[in-house]
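Have a look at the structure below, then the notes.
Since we're looking at a predicted model, the values are computed, not measured. Residues: numbered from 1 along the sequence shown. Both counts, for ligands and for their atoms, begin at 1 and track the order of listing.
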Amino acid sequence: MGKRIVLLTVISLLFLTCRIYGQENQGIPYLRKAGTMKQLILDGKPFIMLAGEVHNSSSSSIAYMDSVWPRMVGFHLNTLLVPVTWEMVEPEDGNFNFTIVDSLIIKAREFDLHLVVLWFGTWKNACSTYPPLWVRKNTERFKRARSVRGENLNAISCFSEEANEADAKAFASLMHHIGEFDGKEHTVLAVQVENEPGLRYVSRDYSPMAEAAFNKPVPAQLMDFLKKNRDILIPEFEEIWKNNGTKTRGRWTEIFGKDADEVFMAWYTGRYIDKVAQAGKAEYPLPMYANAWLDGGKAKPGDYPSGGPIAKMIPVWQAAAPHLDMLAPDIYRADFVNVCDAFSRMGNPLFIPETSFGPIAAENVFYAAAKGAICFSPFAIDNINRVPLNTPLAESYHLLSKFMPYLQEYQHTGKIIGFLGKSGDTKQVKLGNYLLSVSFTGNSFNIDSISCGIIIATSPDEFIAAGSGYTVTFISESESKPHAEVEYAYELVHKNGQWVRERRLNGDETGRGSIHNIGLRMEETKLTVKTAKIFCYD
Ligand code: DGJ
């Protein structure tokens, strides 16, 4: 028995190595461990998506998209997130049509862009409005979720095996096609499986299948995962478990008490999506993720989709959906930093497929990039009526795309910090050999007046700073040499593909208030990149 297990383990390790090696060999984009997180690797290098998501209906029309592509160039994007819907690719049972998919890929290449495909299959915003009509109309075959009163809802039940199989089959065909059409060029980098799943208006499904599952013990697969990962569990989830006595066996309500409905829905929604992702990966193994409509404030499960991959449900989703590589927040909340931090736990790579497209996006992207995000993508980027070109976002993307080599090199090394701050606030953080005191001075390049920045320690005494509207002071931590001073500082300007030194900075540019020559001042009026070397003396 023991020998068999060892043999099986060796075979699966070999299989896994071959798969990863195979992916590297064929150049299929994949995720590689970096520190405690992961990076997306394309052509041997980390790829960070400075992206935008088009509006839900945009990609349904090739003609409409024709007007979108040229506009995207002005944003300095490298990636566009585009919906591909089940009704679009399988309008009749078993008849597939990939005309729009091919057109999206061809056009993206023409405009030097990569794509993330958003699979609007069974669910989009917790409803089932994107499955083809032959699915939506057949409620007998594709069972709906039900309300407490037993009424059918506008969402297919995650307990509908027929729907799960049909969705997995359609998704597998799509991935097979993408693999054939794009397996060499790698225009498509990743795939979102469904969109903001979970169930709205009720905290759980009350269909007969759901009732039966709810009255059964919690599956051992989930409990084993929780036991195995007890030391690294998301604290908010651990709390739920603890509140009910940290039981390892029992029914949903016995183990998870008042949170049972949400955990139950997270498990079964995750299982459903895992089956879809698994079928797709078997055809073409791109990185895949599920995105979350976030909770927050006083919202209860059902106000937001109950069972969706919100931060505190990360452990349940990781257990339920091992074929997903990431759980991704759609961040429309004001506490952007908290959400990024919350989704960077338990090894979950940070991937932001949707975020507000206000001027604040231009600043938030700095924090996300330094935090190690694989993707930052404001929603409805093609909504040109609201968004003239030369937006603050375009300026940020322009700078960050040139700053990319630094991000690629330093993301996840612990030598990079990103920050956002309101005028008047200060923040202290240790980096290299120094304690950095950052004072936020506001930002006139953006009406939100939020300062944004990234600082990298390229050596223990040498720093590169990017952003706008802050002053950083370097404080010595050495007891024998308690004073710090700037050895030299320069503004860096991007010319002929390289960052070159231009103005040598001193005086007001390196001083702060009456204490001179200990830092860098990043103007409020524009985005800049500067470097400084610091020394200490007694
Ligand atoms: C979140 C959804 O995921 C998007 O598809 C879109 O509907 C936005 N909300 C609208 O704000």
Side-chain angles (χ1 to χ4, degrees), residues 49 51-61 64-65 68 79-89 100 104 115-131 154-156 158 167 171 190-201 265-266 269-270 272-273 276-277 288-297 299 301-311 313 317 324 326-336 339-340 343 350-361 364 368 373-387 393:
M49 301 180 196
E53 179 170 327
V54 296
H55 220 303
N56 298 157
S57 308
S58 309
S59 57
S60 68
S61 157
Y64 175 86
M65 282 304 290
V68 172
T79 307
L80 203 61
L81 278 65
V82 291
V84 169
T85 71
W86 189 358
E87 64 176 358
M88 178 197 283
V89 301
I100 290 186
L104 290 169
L115 294 176
V116 170
V117 163
L118 313 176
W119 172 240
F120 286 10
T122 302
W123 301 295
K124 193 276 178 195
N125 293 34
C127 295
S128 299
T129 55
Y130 281 92
N154 63 351
I156 286 170
C158 59
D167 187 335
F171 184 64
V191 182
Q192 178 184 297
V193 191
E194 316 293 341
N195 187 78
E196 293 190 345
L199 190 60
R200 280 201 74 205
Y201 312 114
M265 287 307 292
T269 310
Y272 185 106
I273 293 183
V276 178
M288 293 186 187
Y289 68 93
N291 64 329
W293 172 333
L294 298 180
D295 54 339
D303 297 338
Y304 60 90
S306 180
I310 60 169
M313 290 296 142
W317 271 80
L324 292 180
M326 305 171 274
L327 302 167
D330 290 347
I331 316 183
Y332 294 95
R333 276 172 26 185
D335 58 339
F336 182 85
V339 178
C340 289
F343 275 81
L350 182 61
F351 189 107
I352 305 166
E354 289 182 42
T355 187
S356 332
F357 190 14
I360 192 68
N364 287 344
I374 290 174
C375 173
F376 179 89
S377 171
F379 178 70
I381 193 131
D382 55 324
N383 200 344
I384 205 78
N385 297 333
R386 276 194 298 133
V387 188
L393 181 70

Heavy-atom donor-acceptor pair, Asp167 side chain to Gly121 backbone, under 3.5 Å: no

Atoms in ligand 1 with a heavy atom of Glu354 nearer than 4.0 Å: 1 (C), 2 (C), 3 (O), 4 (C), 5 (O), 8 (C), 9 (N)

Within-4.5 Å side-chain heavy-atom neighbours: Asn56 and Phe120: yes

Residue Asp330 vicinity, atoms of ligand 1 by number, heavy atom under 4.0 Å: 3 (O)

Whether Lys124 lies under 4.0 Å from ligand 1, heavy atom: yes

Asn56 neighbourhood, listing ligand 1 atoms whose heavy-atom distance to it stays under 4.0 Å: 4 (C), 5 (O), 6 (C), 7 (O)

Protein contact of atom 6 (C) of ligand 1 - nearest heavy atom, named by residue and atom, plus distance: Phe379 CZ, 3.4 Å

Atoms in ligand 1 with a heavy atom of Asn195 nearer than 4.0 Å: 2 (C), 3 (O), 5 (O)

Please tabulate, for side-chain N and O atoms in residues 80-87, each donor-acceptor pair with protein atoms closer than 3.5 Å (sequence neighbours left out).
unit_1: Thr85; atom_1: OG1; unit_2: Met88; atom_2: N; d: 3.1
unit_1: Trp86; atom_1: NE1; unit_2: Glu90; atom_2: OE1; d: 2.8

Glu196 neighbourhood, listing ligand 1 atoms whose heavy-atom distance to it stays under 4.0 Å: 1 (C), 2 (C), 3 (O)

Those residues that, when tested against Asp295, pass salt bridge (charged side-chain N to carboxylate O under 4.0 Å, His left out) (two or more places apart): Arg333

Residue pair Phe171, Met288: steps toward the side-chain contact (heavy atoms from CB on, under 4.5 Å) verdict: CA-CA 12 Å; Phe171 184 64; Met288 293 186 187; 3.8 Å; yes

Asn291, any N or O under 3.5 Å of ligand 1 N or O: no

Any donor-acceptor N/O pair, Glu194 side chain to Trp123 backbone, under 3.5 Å: yes

